[in-house]
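Every chain is numbered from 1 and lettered A, B, ... according to where its sequence line falls, protein lines coming before strand lines. Just so you know, these numbers come straight off a predicted model, no measurement behind them.
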Amino acid sequence: MSIPKIYDKNREKEIYARWETAGYFRADAASDKPPYTIVIPPPNITAKLHMGHALNNTIQDILIRFKRMQGFEALWMPGTDHAAIATEVIVMKELAKEGITKEQLGREGFLQKLWEWNELYGGTIISQLKSLGCSCDWERTRFTMDEGLSDAVLEVFVRLYNEGKIYRGERLVNWCVKCGTSISDAEVEHEDKESFLYHFKYPVVGTNECISFATTRPETMLGDTAVAVAPGDGRYAGLVGKFAQVPFGEGREIPIIADEYVDPEFGTGVVKITPAHDPNDFEVGVRHNLPRINILRDNGEINENGGEYAGLTREAAREKITEDMKARGLFVKTTPLAHAVGEHDRCGTVVEPIMKLQWFVQMDELAKSAIDAYESGGLKFNRERFGKIYMNWLNNIRDWCISRQLWWGHRIPAYYCAEGHVTVSKTAPDACTTCGDKNLTQDPDVLDTWFSSALWPFSTLGWPEKTAELEKFYPTDILVTDRGIIFHWVVRMVFSGKKFMQEVPFKDVFIHGTVLDGQGRKMSKSLGNGIDPLEIIDEFGADVLRLMLVSGNSLENDMRFFRERLEPTRNFLNKLWNATRFVMMSAPSAQREPETHVEIDSCSRSRKPSCIEDRWILSQCARLAAEVTEKIEAHELGLAAQKIVDFIWDEFCDWYVEMVKPRLYAKEENAQASRDEAQKTLRLALSSAIKLLHPFTPFITEDLFLALRGAEGAGTINETINETINETIMYASLPSSDASLYDEAAEKQIDRIKEAVRGIRAVRTEKQVPPSQKIAVVVIPENDEARELFESLHSAIALLTGAKEVQVLAPGADAPDGAVSVVAHQAVIYLPLDSLVDAEKEAARLAKERKKLEQEIARIDAKLANEGFLAKAPPALVAAEREKRDEFAAMLAKIAP
RNA sequence: GGGCGCAUAGCUCAGCUGGGAGAGCGCCUGCCUUACAAGCAGGAUGUCGGAGGUUCAAGUCCUUCUGCGCCCACCA
């Protein structure tokens, strides 16, 4: 029977299905274990898994799996977001293909289409997350519009309304004339566009003068209700208080006012004021009690207030008005101007500030609580700079417009009577609370999608009910998300959590970078440069994708995605597969390796292996466990992964496995005990590393772990899995990192062996000794301790260097003639290579060695000669430098001049 | 206009609280050594963007300049 040499990624689905069936992802609110909670950033129901999701969820899964193995009751709460406008836009596009509009379907009919859509596609991303290996508690999967979460939304709206924190008001909102809805500031994207600055003038009433000004939007002149100059601007001092005439329609006369808002340095120092269509002007209008003239229809056409221009589009009106001003001699000039234009991030339409009756959340107090959370240290970001972004936004926040003129979403629970009285209630009220009118109509608008996701960390746990889940799992431990939604989401969750749960929803926020294409550009549909994670999973397996995503880069920075980076990762997993294959073939003992911390500890202490290499690798295991734990807890996942990879590939495969081969293959009768010990240690060290790796590459590690545990005889890896179906690595305890398991003596000794082996190999290569030629190696140790060390590992050294035998002489023995020497710590190694020794070249080689040592010594001497260094550097460092100098000097002395 | 990030080997990037420059890929040499050629052994490669400064000591901290990139912003 043959064991496959190549690891098979196609087993992932089967393994996942077994985990799910076994209920391994479930988190129990009644558990005694300490909780560890993460709520997933709910993907939109329109979403298909992209690289950003793959990275985001890999990070979360690594943390959750690690904590689960550490013994926490780990809950990863999954779910999806209804994504009001995004979903509505997509479904409308689908309907448009059939020539249907949402108006034709009516509200009920359209919503039914949306629910159908959700039924069909809302779960797509969930199944895709499963193929990535995510260990979410799927039975708890929530949706922002399901019953419980909708109840939470209504509860919050009503409470805030009753507290006066939610109000309805006519304000300027960002209006998308295409989507026919208001959008939040955060949904407006500003892009610098080449445009024009139009210079015009208005006649000043009662004089022959004109006052000139500039604007980028001439059509808004139709709504001008003032002209403003800077207070104290001498040029216009005489005009303030007079009136200018808008030369359209009835020739409206508007006041010339002075306001701080005007920058006298800019342009002519004069600004026309359009309170109904510009946020700044709106403020000016409030200060000066100016009328607001709305000149736009919802579709962007000029309305009746625009008189003769009514019915024109924004663009057409702009041109016609400019022409008309020219005709009246009031046009001065146009100058080119690059300036930022606001566009709707969903459809790219230029956003119009427009007056609308909308619902707002008053932000001052809520913002303050979110600021407090950060300033008090109760909320931490993985990098300070993200905290600054958060604070900067909060310090400049404006009231949050929460009503959207859409149908898909949580409908605003406000009801109006014929008189226009407002009644807010979770359930439809029987009568107006003001006048008792029974004929009520509900507000047609729905809430901003972030209104519901702001509640996600506690609404998913059952709030407003007092549930065991809330008690156990709130607040959550960490939020892992993208830089792009700090304002949209993170901020709003923080103040919502503090407001309704009296506690921040998470203590840590981990912001990770963006996955870019190979050229450093964002992956986007329009560029067509996206890489589908599912294709990568198909080709390489989820393990490879996951490990690659978190390796070799720091997660808070953006990363470029190269397919070429997948191969080294795949190669590593194949290496691990083969290492396990080797261990199972050469150490097929029926005896299981110790499983718990206690067992490992007692193994290492009471049954301390007698062989140095066993002690060494177990010591390295304990250090690895400590380092990996530290790095994961510091959320340095890439460094943690690197440590594990290095351990498995370098320490375990390249050194330890080779070192123990002589013991495994020894034929002597008395070799049994040593062989058993080697086999046990092989299995213990490997399974330790596999457990530490599991959070990163869950599938392959499950296979290998079960194979190692259950292997009875030398069966195939795959066969043994079925026999141990009830067991899993997911709940295996992590290897002990107890510092008492560190064996510094063994570490130092193995370092010496490695040094010697490397030296011998280098000489072999340099002398071009073919690997097939078995050479002789003679070691002359400096003392008995070194002699014992080299003797105990002579077979290993022979195997590692391709030597026929390694002879260890007594300290002080005579060096063999005609041999090449390799100087190591506390030993000189001779390779009798008569035929190959070229006296001249050998002298040159030794001279080079000497020079290297002399340089090292000189460097240290320079340091030690520096009085400042001696006086101010830590004493331990100085001592270490001295020790190194002594060692180098000793080695130098051994190289014959 | 404000804020932030990046600049380290040919390429892609690590390098956390300052103490002898690293990895992977690529490249050169030699190996199908009975776990693995998706492998093994050996090797070459860097004024750590420029200039100042702090320090006994700077890739690491400060200032400044240059070149990319991102975010925020109501300057008409």
Side-chain angles (χ1 to χ4, degrees), chain A residues 3 5-7 172 185-186 190 197-198 213-217 220 228 261-263 265-274 278-283 337 339-340 342 353 383 385-386 388-389 392-393 396 483-484 486-487 513-514 516 518 520-522 551-554 556-560 562 564-565 567-586 630-631 634 636 638-639 642 645-646 653-654 657-658 661 665 758 761-766 768-772 799-802 856 859-860 863 866-874 877 880-881 884:
Chain A
I3 300 170
K5 288 184 177 183
I6 304 292
Y7 123 80
L172 275 188
D185 290 345
H190 293 269
L197 188 57
Y198 298 80
F213 56 88
T215 179
T216 53
R217 294 186 295 158
T220 60
Y261 159 62
V262 181
D263 174 3
E265 304 295 321
F266 188 93
T268 58
V270 181
V271 185
K272 66 182 210 54
I273 302 296
T274 322
D278 182 280
N280 284 313
D281 296 6
F282 184 89
E283 299 296 327
L337 179 75
H339 74 129
R383 289 292 183 276
R385 64 176 192 263
F386 300 128
K388 282 185 190 164
I389 293 176
N392 188 44
W393 162 268
N396 295 297
R483 194 187 317 124
I486 292 178
F487 323 122
T514 311
L516 307 170
R521 302 170 305 180
K522 273 189 184 164
S551 297
N553 56 305
S554 52
E556 71 275 8
N557 292 339
D558 290 352
M559 65 169 294
R560 299 188 194 192
F562 292 95
E564 300 78 61
R565 285 188 51 211
E567 281 190 27
T569 310
R570 178 202 57 187
N571 293 353
F572 164 70
L573 293 184
N574 192 53
K575 181 79 180 175
L576 174 62
W577 176 269
N578 278 294
T580 309
R581 204 160 67 90
F582 169 79
V583 170
M584 290 185 59
M585 288 191 299
S586 49
E630 182 204 323
K631 294 300 178 197
E636 301 271 10
L639 296 178
Q642 196 56 52
V645 171
D646 288 347
C653 292
D654 289 349
V657 164
E658 298 304 317
K661 276 180 180 172
Y665 301 148
R758 286 200 190 98
R761 282 172 173 170
V763 168
R764 282 192 69 126
T765 301
E766 195 173 342
Q768 296 184 315
V769 181
S772 53
L799 188 138
L800 286 161
T801 60
E856 288 293 338
R859 185 186 59 78
I860 296 175
K863 243 181 169 176
N866 182 338
E867 283 180 30
F869 177 72
L870 294 179
K872 296 190 178 175
L877 188 70
E881 290 290 330
K884 270 188 278 183

Rounded to whole angstroms, how far apart are CG on A/L877 and P on B/rG19?
10 Å

Given protein heavy atoms under 4.0 Å, the one-letter contact record of nucleotides 22-30 of chain B, with B base, S sugar-phosphate only and - none, is simply --SS-----

Using a 3.5 Å distance criterion without hydrogens, assess whether the side chain of A/N578 forms a donor-acceptor pair with backbone atoms of A/R581.
no

Between A/Y665 and B/rA35, is there a side-chain N or O to OP1/OP2 distance below 4.0 Å?
yes

Reckon A/K522 touches a base, only the sugar-phosphate, or nothing at all at heavy-atom distances under 4.0 Å?
sugar-phosphate

Distance check, P atoms only: B/rG5 and B/rC48, in whole angstrom units.
22 Å

Would you say the side-chain atoms of A/D646 and A/Q642 include a donor-acceptor pair closer than 3.5 Å?
yes

Which one, B/rC75, B/rA38, B/rC13, comes nearest to the side chain of A/N553?
B/rC13

Of the listed nucleotides (B/rG15, B/rG19, B/rU55), which one gets closest to any side-chain atom of A/S554?
B/rG15

Return the value, rounded to whole Å, for the distance between atom CH2 of A/W577 and atom C1' of B/rG39.
17 Å

Pairing of A/D281 and A/K272 as salt bridge, 4.0 angstrom limit
no

Report the nucleotide, chosen from B/rG19, B/rA14, B/rA35, that has the shortest atom-to-atom distance to any side-chain atom of A/A873.
B/rG19

How many Å lie between CG on A/L576 and P on B/rG39, as a whole number?
13 Å

What's the CZ-C1' distance between A/R385 and B/rC71, to the nearest Å?
11 Å

Under a 3.5 Å limit for both distances, which nucleotide forms a Watson-Crick or G-U wobble pair with B/rG39, could you say?
B/rC31

P atoms of B/rG22 and B/rC16, separation to the nearest Å
14 Å

Write down the partner of B/rC61 under the Watson-Crick or G-U wobble criteria, each distance required to be under 3.5 Å.
B/rG53

Please classify the nucleic acid contact of A/L639 as base, sugar-phosphate, or nothing, using heavy-atom distances under 4.0 Å.
sugar-phosphate

If you only use heavy atoms from C-beta on, which nucleotide in B/rA76, B/rG15, B/rU55 is closest to the side chain of A/T216?
B/rA76

Among the nucleotides B/rU12, B/rA35, B/rG5, which one has an atom lying closest to any side-chain atom of A/R565?
B/rU12

Using the P atom as the reference point in each nucleotide, state the distance between B/rA44 and B/rG3 in Å, no decimals.
47 Å

B/rG5 - base-pair partner by Watson-Crick or wobble geometry, distances under 3.5 Å:
B/rC68

Proximal nucleotide (of B/rG42, B/rG19, B/rC72) relative to the A/A762 side chain
B/rG42

With P as the reference atom in both, quote the distance from B/rG53 to B/rG15 in angstrom, rounded to an integer.
29 Å

Who does B/rG46 pair with, Watson-Crick or G-U, both distances under 3.5 Å?
none

Under 3.5 Å for both donor-acceptor distances, Watson-Crick or wobble: does B/rA73 have a partner, and if so which one?
none

Quick check against the 3.5 Å criterion: does A/R764 have a side-chain atom that pairs as donor or acceptor with the backbone of A/G802?
yes

Can you work out whether A/D654 or A/G552 has the more 5'-proximal nearest nucleotide on RNA chain B?
A/G552

A/K872 side chain, from C-beta outward: closest of B/rA76, B/rU12, B/rU55:
B/rU55

5' priority, RNA chain B, between A/N866 and A/E567 [closest heavy atom]
A/E567

Closest nucleotide among B/rA35, B/rG42, B/rU12 to the A/K575 side chain:
B/rA35

Does a side-chain N or O of A/K631 approach OP1 or OP2 of B/rG15 to a distance below 4.0 Å, or not?
no

Roughly how many Å is it from CD1 in A/I273 to C1' in B/rC75, rounded to a whole number?
12 Å

Which nucleotide in the list B/rC70, B/rC56, B/rA76 gets nearest to the side chain of A/R483?
B/rC70

Ion pair check, A/D558 and A/R521, cut-off under 4.0 Å
no

Using the C1' atoms only, state how far B/rU45 lies from B/rC25, rounded to an integer number of Å.
14 Å

Provide the distance between the two P atoms, one in B/rA76 and one in B/rC62, to the nearest whole Å.
35 Å

Has the side chain of A/R383 got a donor or acceptor atom that lies under 3.5 Å from a matching backbone atom of A/E556?
no

Please check this pair: side chain of A/N396 against backbone of A/N392, looking for a donor-acceptor N/O pair closer than 3.5 Å.
yes

On the side chain of A/E636, is there an atom forming a donor-acceptor pair with the base of B/rA14 - under 3.5 Å, no angle test?
no

What is the distance from CG of A/L197 to P of B/rC75, rounded to the nearest Å?
13 Å

For B/rA41, does the base pair up with any side-chain atom of A/R761 as donor and acceptor (N or O, under 3.5 Å, distance only)?
no

Counting only side-chain heavy atoms from C-beta out, which of B/rG15, B/rA76, B/rA35 sits nearest to A/D263?
B/rA76

Give A/N557 one of three labels, base, sugar-phosphate or nothing, depending on what nucleic acid heavy atoms sit under 4.0 Å from its own.
sugar-phosphate

Counterpart base for B/rC11, defined by Watson-Crick or G-U wobble contacts under 3.5 Å
B/rG24

Do A/R761 side-chain atoms and A/L800 backbone N/O form a donor-acceptor pair below 3.5 Å?
yes

For A/E658, answer base if it contacts any base atom (sugar-phosphate contacts may also be present), sugar-phosphate if it contacts only those atoms, and nothing otherwise; contact means non-hydrogen atoms under 4.0 Å.
base

Roughly how many Å apart are B/rC56 and B/rC61, using the C1' atom of each and rounding to a whole number?
16 Å

In whole angstroms, the gap separating C1' of B/rA76 from OH of A/Y198 amounts to 14 Å

What is the distance, to the nearest angstrom, from the NZ atom on A/K388 to the C1' atom on B/rC70?
16 Å

C1'-based separation of B/rU60 from B/rU17 [nearest Å]:
10 Å

